[in-house]
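Everything below concerns the one structure shown next.
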Amino acid sequence: MTPEAKAASVYRGRFAPSPTGPLHFGSLIAATASYLDAHAHNGTWLVRMEDVDSSRNIAGAADHILATLDAFGFEWSGEVLWQSTRSEAYGAELDQLKNAGLAYGCACSRKEIADSNADPALDGGLVYPGTCRAGIPQSRSPRAWRLRVGSEAVVFEDRLQGNVSQQLGRDSGDFVLLRADGLFAYQLAVAVDDFYQGISHVVRGADLLASTPRQIWLQHCLSYPTPSYAHLPVVCNAVGEKLSKQTLAPAIKAGSAAASLVDALRFLGQAAPLELRRARVADVWDWAFENWQFLAIPRCPTIPLA
Ligand code: GLU
(Lines give C-alpha, C1' and ligand atoms only; values in the text may rest on other atoms or scores of the structure.)
Protein backbone atom coordinates (compact mmCIF):
# COMPACT_ATOMS: atom_id res chain seq x y z
CA MET A 1 0.00 0.00 0.00
CA THR A 2 1.43 3.42 -0.85
CA PRO A 3 1.68 6.02 1.92
CA GLU A 4 -1.09 8.00 0.20
CA ALA A 5 -3.46 5.06 0.28
CA LYS A 6 -2.60 4.41 3.93
CA ALA A 7 -3.25 8.03 4.87
CA ALA A 8 -6.60 7.93 3.13
CA SER A 9 -7.84 4.76 4.75
CA VAL A 10 -6.48 4.54 8.29
CA TYR A 11 -5.34 6.57 11.23
CA ARG A 12 -1.56 6.75 11.47
CA GLY A 13 -0.11 9.03 14.10
CA ARG A 14 3.39 9.60 15.36
CA PHE A 15 5.59 11.02 18.07
CA ALA A 16 8.72 12.67 16.74
CA PRO A 17 11.18 13.67 19.46
CA SER A 18 14.49 15.38 18.75
CA PRO A 19 17.41 13.83 20.66
CA THR A 20 18.60 17.15 22.05
CA GLY A 21 18.22 16.00 25.66
CA PRO A 22 16.17 13.63 27.83
CA LEU A 23 12.38 13.48 27.58
CA HIS A 24 10.77 16.22 29.68
CA PHE A 25 7.21 16.89 30.79
CA GLY A 26 6.41 18.91 27.63
CA SER A 27 7.42 16.02 25.36
CA LEU A 28 5.50 13.56 27.57
CA ILE A 29 2.35 15.58 26.88
CA ALA A 30 2.85 15.33 23.11
CA ALA A 31 3.64 11.62 23.36
CA THR A 32 0.61 10.92 25.57
CA ALA A 33 -1.91 12.86 23.50
CA SER A 34 -0.71 11.51 20.16
CA TYR A 35 -0.71 7.96 21.56
CA LEU A 36 -4.19 8.19 23.06
CA ASP A 37 -5.66 9.87 19.98
CA ALA A 38 -4.25 7.05 17.83
CA HIS A 39 -5.62 4.48 20.28
CA ALA A 40 -9.06 6.11 20.31
CA HIS A 41 -9.16 5.80 16.50
CA ASN A 42 -7.91 2.19 16.53
CA GLY A 43 -4.94 3.64 14.72
CA THR A 44 -1.24 2.99 14.46
CA TRP A 45 1.29 5.02 16.42
CA LEU A 46 4.84 5.41 15.19
CA VAL A 47 7.98 6.89 16.69
CA ARG A 48 10.37 8.91 14.54
CA MET A 49 13.71 10.09 15.89
CA GLU A 50 14.26 13.60 14.55
CA ASP A 51 18.03 13.59 14.59
CA VAL A 52 18.35 15.46 11.28
CA ASP A 53 20.03 18.45 12.93
CA SER A 54 23.19 16.65 13.99
CA SER A 55 24.59 19.91 15.37
CA ARG A 56 22.00 19.77 18.18
CA ASN A 57 22.00 16.05 18.95
CA ILE A 58 23.27 15.04 22.38
CA ALA A 59 25.13 11.72 22.57
CA GLY A 60 22.97 9.05 24.21
CA ALA A 61 19.77 11.17 24.20
CA ALA A 62 17.98 9.14 21.52
CA ASP A 63 18.49 5.84 23.35
CA HIS A 64 17.51 7.49 26.61
CA ILE A 65 14.28 8.83 25.06
CA LEU A 66 13.37 5.40 23.66
CA ALA A 67 14.14 3.69 26.98
CA THR A 68 11.99 6.27 28.81
CA LEU A 69 9.08 5.81 26.39
CA ASP A 70 9.35 2.10 26.94
CA ALA A 71 9.44 2.46 30.74
CA PHE A 72 6.34 4.69 30.53
CA GLY A 73 4.51 1.88 28.75
CA PHE A 74 4.24 3.41 25.27
CA GLU A 75 3.99 0.77 22.56
CA TRP A 76 4.92 1.90 19.08
CA SER A 77 4.39 0.06 15.90
CA GLY A 78 7.35 -1.20 13.87
CA GLU A 79 10.86 0.17 13.83
CA VAL A 80 11.78 3.71 14.84
CA LEU A 81 12.49 5.85 11.76
CA TRP A 82 15.77 7.75 12.19
CA GLN A 83 16.04 10.93 10.16
CA SER A 84 19.83 10.51 10.07
CA THR A 85 19.25 7.58 7.67
CA ARG A 86 17.04 9.57 5.31
CA SER A 87 19.42 11.98 3.52
CA GLU A 88 18.94 10.23 0.19
CA ALA A 89 15.16 10.67 0.35
CA TYR A 90 15.44 14.34 1.37
CA GLY A 91 17.97 14.91 -1.43
CA ALA A 92 15.68 13.29 -4.02
CA GLU A 93 12.74 15.49 -3.00
CA LEU A 94 14.94 18.58 -3.01
CA ASP A 95 16.09 17.68 -6.55
CA GLN A 96 12.47 17.45 -7.60
CA LEU A 97 11.78 20.91 -6.21
CA LYS A 98 14.89 22.26 -7.95
CA ASN A 99 13.87 20.70 -11.27
CA ALA A 100 10.40 22.20 -10.96
CA GLY A 101 11.96 25.64 -10.41
CA LEU A 102 10.47 25.77 -6.92
CA ALA A 103 13.75 25.60 -5.00
CA TYR A 104 16.60 27.97 -5.71
CA GLY A 105 20.17 28.47 -4.52
CA CYS A 106 20.75 31.32 -2.12
CA ALA A 107 24.12 33.00 -1.59
CA CYS A 108 23.09 35.26 1.30
CA SER A 109 24.90 34.99 4.61
CA ARG A 110 23.03 35.41 7.88
CA LYS A 111 24.68 38.79 8.29
CA GLU A 112 23.58 39.97 4.85
CA ILE A 113 19.99 39.03 5.65
CA ALA A 114 20.22 40.73 9.06
CA ASP A 115 21.69 43.86 7.43
CA SER A 116 18.95 44.00 4.78
CA ASN A 117 16.25 45.43 7.03
CA ALA A 118 14.37 42.15 6.86
CA ASP A 119 11.07 41.99 8.75
CA PRO A 120 10.70 39.71 11.78
CA ALA A 121 9.24 36.31 10.88
CA LEU A 122 6.51 34.58 12.89
CA ASP A 123 8.92 31.93 14.20
CA GLY A 124 11.31 34.47 15.67
CA GLY A 125 13.75 34.59 12.73
CA LEU A 126 13.73 37.04 9.83
CA VAL A 127 11.57 37.06 6.70
CA TYR A 128 13.90 36.27 3.80
CA PRO A 129 13.84 39.41 1.63
CA GLY A 130 14.04 37.43 -1.63
CA THR A 131 17.49 38.68 -2.66
CA CYS A 132 18.43 35.51 -4.61
CA ARG A 133 14.95 34.71 -5.96
CA ALA A 134 15.80 35.76 -9.50
CA GLY A 135 19.27 34.15 -9.44
CA ILE A 136 22.63 34.77 -7.79
CA PRO A 137 25.48 36.83 -9.22
CA GLN A 138 28.01 34.73 -11.17
CA SER A 139 30.75 35.65 -8.73
CA ARG A 140 28.92 33.89 -5.89
CA SER A 141 27.85 30.30 -5.25
CA PRO A 142 24.80 28.99 -3.42
CA ARG A 143 25.23 28.45 0.30
CA ALA A 144 21.72 27.18 0.98
CA TRP A 145 18.64 26.13 -0.98
CA ARG A 146 15.29 27.82 -0.41
CA LEU A 147 11.72 27.06 -1.36
CA ARG A 148 9.79 29.71 -3.24
CA VAL A 149 6.56 30.49 -1.39
CA GLY A 150 3.33 31.65 -3.00
CA SER A 151 1.44 34.86 -2.45
CA GLU A 152 -1.82 33.16 -1.44
CA ALA A 153 -2.65 32.39 2.19
CA VAL A 154 -2.03 28.87 3.51
CA VAL A 155 -5.08 28.03 5.61
CA PHE A 156 -5.92 24.97 7.68
CA GLU A 157 -8.34 24.01 10.43
CA ASP A 158 -6.51 22.79 13.51
CA ARG A 159 -8.51 20.35 15.64
CA LEU A 160 -7.61 22.34 18.76
CA GLN A 161 -6.44 25.79 17.74
CA GLY A 162 -9.14 26.41 15.11
CA ASN A 163 -8.60 28.24 11.86
CA VAL A 164 -4.95 29.06 11.15
CA SER A 165 -3.87 31.22 8.24
CA GLN A 166 -0.46 32.41 7.17
CA GLN A 167 0.76 34.35 4.21
CA LEU A 168 4.16 32.81 3.81
CA GLY A 169 5.55 35.69 1.75
CA ARG A 170 4.90 37.97 4.70
CA ASP A 171 5.26 35.55 7.62
CA SER A 172 8.38 33.54 6.74
CA GLY A 173 9.49 34.35 3.19
CA ASP A 174 11.17 31.75 0.98
CA PHE A 175 12.46 29.27 3.54
CA VAL A 176 15.52 27.05 3.77
CA LEU A 177 15.42 23.38 2.67
CA LEU A 178 19.15 22.67 2.66
CA ARG A 179 21.19 24.71 5.09
CA ALA A 180 24.53 26.40 4.51
CA ASP A 181 26.14 23.81 6.84
CA GLY A 182 24.97 21.01 4.50
CA LEU A 183 22.18 19.72 6.78
CA PHE A 184 18.62 19.30 5.55
CA ALA A 185 16.17 21.65 7.24
CA TYR A 186 13.63 20.38 9.75
CA GLN A 187 10.68 21.58 7.60
CA LEU A 188 11.75 19.45 4.62
CA ALA A 189 12.55 16.39 6.76
CA VAL A 190 9.17 16.49 8.53
CA ALA A 191 7.13 16.94 5.35
CA VAL A 192 9.01 14.13 3.55
CA ASP A 193 8.83 11.76 6.53
CA ASP A 194 5.18 12.38 7.42
CA PHE A 195 4.37 11.43 3.83
CA TYR A 196 6.77 8.47 3.77
CA GLN A 197 5.29 7.10 6.99
CA GLY A 198 1.73 7.65 5.73
CA ILE A 199 0.88 9.90 8.68
CA SER A 200 -2.80 10.85 8.62
CA HIS A 201 -2.96 12.71 11.95
CA VAL A 202 -0.33 14.94 13.53
CA VAL A 203 -0.79 15.66 17.24
CA ARG A 204 2.06 17.79 18.64
CA GLY A 205 2.84 20.89 20.67
CA ALA A 206 1.57 24.33 19.70
CA ASP A 207 5.17 25.54 19.58
CA LEU A 208 5.11 23.99 16.09
CA LEU A 209 1.90 25.73 14.99
CA ALA A 210 3.83 28.47 13.17
CA SER A 211 5.78 25.81 11.20
CA THR A 212 2.70 23.99 9.94
CA PRO A 213 1.83 26.33 7.03
CA ARG A 214 5.39 25.89 5.70
CA GLN A 215 4.99 22.12 5.93
CA ILE A 216 1.62 22.32 4.16
CA TRP A 217 3.17 24.45 1.43
CA LEU A 218 5.88 21.82 0.99
CA GLN A 219 3.18 19.12 0.81
CA HIS A 220 1.49 21.08 -2.01
CA CYS A 221 4.76 21.54 -3.87
CA LEU A 222 5.56 17.80 -3.59
CA SER A 223 1.95 16.66 -4.32
CA TYR A 224 1.56 15.05 -0.88
CA PRO A 225 -1.74 14.88 0.97
CA THR A 226 -2.04 17.13 4.02
CA PRO A 227 -2.62 15.31 7.34
CA SER A 228 -5.06 16.50 9.96
CA TYR A 229 -3.37 18.62 12.64
CA ALA A 230 -3.99 19.10 16.36
CA HIS A 231 -1.62 21.43 18.21
CA LEU A 232 -1.64 20.84 21.95
CA PRO A 233 -1.18 23.57 24.53
CA VAL A 234 2.44 23.68 25.63
CA VAL A 235 3.64 24.03 29.18
CA CYS A 236 5.26 27.34 29.93
CA ASN A 237 7.15 28.50 33.00
CA ALA A 238 6.23 31.43 35.26
CA VAL A 239 7.68 33.95 32.78
CA GLY A 240 5.80 32.47 29.81
CA GLU A 241 8.70 30.58 28.21
CA LYS A 242 7.95 27.20 26.66
CA LEU A 243 9.23 24.37 28.83
CA SER A 244 11.97 22.88 26.70
CA LYS A 245 15.38 21.38 26.88
CA GLN A 246 16.67 24.89 26.14
CA THR A 247 14.96 26.31 29.23
CA LEU A 248 16.29 23.31 31.17
CA ALA A 249 13.00 21.57 31.78
CA PRO A 250 13.59 18.72 34.24
CA ALA A 251 13.78 15.25 32.70
CA ILE A 252 10.95 12.87 33.56
CA LYS A 253 11.96 9.80 35.54
CA ALA A 254 11.01 6.21 34.79
CA GLY A 255 10.74 5.64 38.56
CA SER A 256 7.77 8.03 38.82
CA ALA A 257 6.19 7.16 35.48
CA ALA A 258 2.64 6.68 36.82
CA ALA A 259 2.70 10.03 38.63
CA SER A 260 4.08 11.88 35.58
CA LEU A 261 1.52 10.24 33.29
CA VAL A 262 -1.33 11.27 35.58
CA ASP A 263 0.05 14.82 35.65
CA ALA A 264 0.26 14.82 31.83
CA LEU A 265 -3.33 13.55 31.55
CA ARG A 266 -4.58 16.21 33.94
CA PHE A 267 -2.67 18.89 32.01
CA LEU A 268 -4.53 17.60 28.94
CA GLY A 269 -7.87 18.27 30.66
CA GLN A 270 -8.52 14.61 31.54
CA ALA A 271 -10.10 13.84 34.92
CA ALA A 272 -7.47 11.25 35.96
CA PRO A 273 -7.89 10.58 39.70
CA LEU A 274 -4.90 11.66 41.77
CA GLU A 275 -4.77 8.25 43.51
CA LEU A 276 -3.63 6.83 40.17
CA ARG A 277 -0.31 8.64 40.68
CA ARG A 278 0.58 5.80 43.06
CA ALA A 279 -0.83 3.03 40.85
CA ARG A 280 0.99 0.85 38.36
CA VAL A 281 1.74 2.37 34.96
CA ALA A 282 -0.51 -0.25 33.33
CA ASP A 283 -3.43 0.88 35.52
CA VAL A 284 -2.93 4.48 34.42
CA TRP A 285 -3.06 3.39 30.78
CA ASP A 286 -6.17 1.30 31.43
CA TRP A 287 -7.85 4.37 32.89
CA ALA A 288 -6.63 6.55 30.01
CA PHE A 289 -7.76 4.15 27.24
CA GLU A 290 -11.17 3.95 28.86
CA ASN A 291 -11.66 7.62 29.64
CA TRP A 292 -9.69 9.64 27.08
CA GLN A 293 -11.65 12.62 25.78
CA PHE A 294 -10.00 14.59 23.03
CA LEU A 295 -12.63 17.32 23.44
CA ALA A 296 -11.51 17.96 27.02
CA ILE A 297 -8.05 19.19 25.89
CA PRO A 298 -7.76 22.93 26.55
CA ARG A 299 -7.92 24.88 23.30
CA CYS A 300 -5.17 27.38 23.94
CA PRO A 301 -1.53 27.53 22.84
CA THR A 302 0.17 27.77 26.26
CA ILE A 303 -0.64 26.88 29.87
CA PRO A 304 1.61 27.80 32.80
CA LEU A 305 2.53 24.83 34.94
CA ALA A 306 0.65 25.06 38.23
N1 GLU B 1 11.09 17.00 16.64
C2 GLU B 1 10.20 18.05 17.04
C3 GLU B 1 10.43 18.38 18.52
O4 GLU B 1 10.96 17.56 19.25
C5 GLU B 1 8.75 17.70 16.83
C6 GLU B 1 8.40 17.73 15.40
C7 GLU B 1 6.98 17.33 15.06
O8 GLU B 1 6.26 16.73 15.90
O9 GLU B 1 6.61 17.57 13.92
O10 GLU B 1 10.06 19.46 18.94
Side-chain angles (χ1 to χ4, degrees), residues 11-18 21-50 64-77 80 158-161 199-209 227-236 242-245 249-306:
Y11 184 113
R12 283 171 72 85
R14 62 11 171 231
F15 175 57
S18 303
L23 216 58
H24 57 81
F25 187 62
S27 15
L28 178 64
I29 286 165
T32 304
S34 59
Y35 188 52
L36 288 169
D37 195 49
H39 193 271
H41 288 86
N42 291 320
T44 302
W45 187 73
L46 309 172
V47 172
R48 178 167 80 227
M49 195 52 72
E50 298 211 316
H64 190 270
I65 287 173
L66 295 175
T68 308
L69 287 174
D70 192 48
F72 272 68
F74 289 95
E75 289 177 10
W76 56 91
S77 179
V80 172
D158 189 86
R159 289 166 68 202
L160 289 167
Q161 308 295 335
I199 300 301
S200 63
H201 290 72
V202 174
V203 178
R204 62 183 177 188
D207 51 315
L208 291 159
L209 192 58
S228 145
Y229 288 97
H231 285 87
L232 306 160
V234 290
V235 192
C236 63
K242 179 203 157 193
L243 202 63
S244 70
K245 292 152 205 159
I252 48 169
K253 302 267 187 306
S256 45
S260 295
L261 270 178
V262 169
D263 294 345
L265 287 165
R266 292 172 70 93
F267 180 89
L268 289 163
Q270 313 298 306
L274 281 174
E275 309 83 84
L276 273 182
R277 294 181 93 248
R278 290 186 301 277
R280 295 177 320 133
V281 171
D283 295 333
V284 182
W285 284 120
D286 283 347
W287 184 91
F289 291 147
E290 188 87 358
N291 295 284
W292 171 250
Q293 299 214 26
F294 184 86
L295 291 176
I297 302 174
R299 292 165 172 262
C300 51
T302 55
I303 301 180
L305 199 53

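With W76 as the fixed residue, the side-chain contact (heavy atoms from CB on, under 4.5 Å) test singles out one of T44, L69, L46: L69.
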| task | Quick one: do I297 and R159 satisfy side chain to side chain contact (heavy atoms under 4.5 Å, CB included)? Show the steps, please. | result | CA-CA 10 Å; I297 302 174; R159 289 166 68 202; over 6 Å; no
| Should Y11 and D37 be marked as a side chain to side chain contact (heavy atoms under 4.5 Å, CB included) after you check the CA-CA gap, both sets of side-chain angles, and the distance that decides it? | CA-CA 9 Å; Y11 184 113; D37 195 49; 2.6 Å; yes
| task | Evaluate the side chain to side chain contact (heavy atoms under 4.5 Å, CB included) criterion for residues V203 and L160: first the C-alpha distance (whole Å), next the side-chain angles of each, then the deciding distance (0.1 Å), finally the verdict. | result | CA-CA 10 Å; V203 178; L160 289 167; 5.9 Å; no
| message | Determine whether F74 and W45 satisfy the following criterion, ring pair (Phe, Tyr, Trp, His ring centres under 6.0 Å), listing intermediate values before the conclusion. | response | CA-CA 9 Å; F74 289 95; W45 187 73; 5.5 Å; yes
| query | Hey, mind stepping through R204 and Y229 against side chain to side chain contact (heavy atoms under 4.5 Å, CB included) and telling me if it holds? | reply | CA-CA 8 Å; R204 62 183 177 188; Y229 288 97; 3.7 Å; yes
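At a threshold of 4.5 Å between non-hydrogen side-chain atoms, the residues E50 and P17 do not count as touching. The side-chain heavy atoms of P22 and T68, taken from C-beta on, include no pair separated by under 4.5 Å. Between H201 and P227 the shortest side-chain heavy-atom distance does not fall below 4.5 Å. Counting heavy atoms from C-beta on, the side chains of L265 and L36 come closer than 4.5 Å.
Using a distance-only test at 3.5 Å, with no hydrogens or angles considered, no donor-acceptor pair links the side chain of S260 to the main chain of A257. With Q161 contributing its side chain and A230 its backbone, the two residues share no donor-acceptor pair below 3.5 Å. Judged purely by atom type and a 3.5 angstrom limit, S200 uses its side chain to pair as donor or acceptor with the backbone of R12.
Of all non-hydrogen atoms in P298 and G269, the two that sit nearest each other are CD-N, 4.0 Å. The nearest pair of heavy atoms linking L232 to A30 is CD1-CA, 3.7 Å. Here the closest non-hydrogen pair linking V234 and G205 is CG1-CA, 3.8 Å.
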I'd like a table of donor-acceptor pairs (distance under 3.5 Å, sequence neighbours excluded) in which one partner is a side-chain atom from residues 270-286, with atom names and distances.
{"unit_1": "Q270", "atom_1": "OE1", "unit_2": "Q293", "atom_2": "N", "d": "2.7"}
{"unit_1": "Q270", "atom_1": "NE2", "unit_2": "L268", "atom_2": "O", "d": "3.0"}
{"unit_1": "Q270", "atom_1": "NE2", "unit_2": "Q293", "atom_2": "O", "d": "2.9"}
{"unit_1": "R277", "atom_1": "NE", "unit_2": "D263", "atom_2": "OD1", "d": "2.9"}
{"unit_1": "R277", "atom_1": "NH2", "unit_2": "D263", "atom_2": "OD2", "d": "3.0"}
{"unit_1": "R280", "atom_1": "NE", "unit_2": "D283", "atom_2": "OD2", "d": "3.3"}
{"unit_1": "R280", "atom_1": "NH2", "unit_2": "D283", "atom_2": "OD1", "d": "3.0"}
{"unit_1": "W285", "atom_1": "NE1", "unit_2": "F72", "atom_2": "O", "d": "2.7"}

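Aromatic ring orientation, F267 versus F25: perpendicular (interplanar angle above 60°, classes split at 30° and 60°).
The structure places CG of D70 at 13.5 Å from CD1 of I65, a figure rounded to the nearest 0.5 Å. For the atom pair CZ (F15) and OG1 (T32), the distance works out to 8.5 Å, reported to the nearest 0.5 Å.
Here H39 pairs with F289 under the side-chain contact (heavy atoms from CB on, under 4.5 Å) rule; sequence neighbours left out.
Dense packing is recorded around NE2 of H41, with more than 12 heavy atoms of other residues, nucleotides or ligands lying under 6.0 Å away.
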